[in-house]
Every structure is written in structure tokens, then in C-alpha cells.
Amino acid sequence: MAASHWLVKSEPNTYSYADLERDGRTVWDGVRNNAAALHLKSMQEGDEVLFYHSQEGLAVVGVAKVIRTAFPDASDPSGRFVAVEIAPVRPLKRPVTLAEMKAEPALSGMVMLRQGRLSVSPVSDAEWAAILKMAGG
DNA sequence: GCCAACGTTGGC
DNA sequence: GCCAACGTTGGC
């Protein structure tokens, strides 16, 4: 199966892209939504992930990659949900804001825009390319 | 701070 | 198994 692209949201007050760079890697846990959990389970090692700041910033700020595929989320007592591990790849040259993404026709079908509350969502190759282009290459 | 979207829970 | 009530997320 070919590598896929994803987008994850994080409130920078809680965990920012700078925190990920500082830590070098982190366990992406705490997801308590079935649709998001399915996406986590589909992630493969090496898949690249857009890191989006919600609440504050409202922009994609960096690229991360999956370094460990889904495993049981130790913070979930029910045992239903999973976590992955991600590591930073590089910050975007220029953050791509939500407003810019909404205004970009190439992104009109993006899952993240259509389903605002979803914390983990797939990104198509075309969407991925468009966002990196908007970020300055 | 408010509100819309939407997932989850619980009564029936 | 349906559906109303409730809780959470996240944009504005």
C-alpha cells in the first residue's frame, strides 16, 4: 500500500509543533473519536502528516512523520482507541492558515474543511501538494 | 464567550 | 434500535 498523507490537529497551548521539535518524537494519544481512530489505524510508518494548530494560530505549521504504527492507547481505559508515534520533519517555510485553505479551490473537498471537528483526517496527494506550494515549496 | 456540528449516551 | 439530551471540539 502506498504511503498516505494525513493531517492532525493540536492546540498549541497544549502541544505545539515547537514542542514536537523539542521532544524529537511524541506519542499521539488521547484521540477519542471512532473516525479519527480509524485513520490512526491506517497510518503506516513513514507516512507524512501535516501538523495543524487549532484554537490558536489556525494554521498548518509543520510536517511530521509516523514513526510507529497504531498500538493500544494506554490512556484509554476502554481499550477501544489507539495511538501512534510521530516525529518532526520540518516546519513550513510559511504557515498556511485556515482562511487561505478555505479560499483555495484545490482544497474545497478536503476532509478537514468539511468535517471541522475531526482531529485526524486524510489528505489527498493533490491537497498535500497544494498546501506545500502555499507554504512556499 | 457563543454557537454550530456532530459524536455519544441512555431511556424507552 | 430509535431518538432526544448532552458533551466536546473548534471556528468565529
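Just so you know, these numbers use all the heavy atoms, side chains as well, and skip hydrogens, waters and symmetry mates. Chain A is the first sequence line, chain B the second, and so forth, proteins listed ahead of strands; every chain is numbered from 1. All figures in this text were calculated on a predicted structure; none of them were measured in a lab.
Taking every heavy atom of residues 106-114 of chain A and every atom of DNA chain C, no pair lies under 4.0 Å.
For A:Asn34, the side chain to side chain contact (heavy atoms under 4.5 Å, CB included) criterion is met by A:Arg80, A:Phe81, not counting sequence neighbours. Legend: residues meeting side chain to side chain contact (heavy atoms under 4.5 Å, CB included) with A:Asn33, ordered by chain and number and at least two apart, are A:Ala35, A:Ala36, A:Leu118. A:Thr14 is linked by a side-chain hydrogen bond (donor to acceptor under 3.5 Å, both in side chains) to nothing, counting only residues two or more places apart in sequence or in another chain. Partners of A:Pro91 by side chain to side chain contact (heavy atoms under 4.5 Å, CB included), not counting sequence neighbours, listed by chain and number: A:Tyr17, A:Glu21.
Taking Ile, Leu, Val, Met, Phe, Trp and Tyr as members and joining any whose side-chain heavy atoms lie under 4.5 Å apart, directly or through other members, the hydrophobic cluster of A:Trp128 also contains A:Leu7, A:Leu50, A:Tyr52, A:Leu58, A:Val60, A:Val63, A:Val89, A:Leu92, A:Val96, A:Leu98, A:Met101, A:Leu107, A:Met110, A:Met112, A:Leu113, A:Val123, A:Ile131, A:Leu132, A:Met134.
Pairs passing the salt bridge (Lys or Arg N to Asp or Glu O under 4.0 Å) check and including a residue from residues 49-72 of chain A, sequence neighbours excluded, read A:Arg68-A:Glu85. Listed by first then second residue, pairs satisfying ring-ring contact (aromatic ring centres under 6.0 Å, His included) with a partner in residues 57-80 of chain A number zero, not counting sequence neighbours.
A nucleotide of DNA chain B counts as in contact with chain A when one of its atoms lies under 4.0 Å from a heavy atom; the first and last such, 5' to 3', are B:dA5 to B:dT8.
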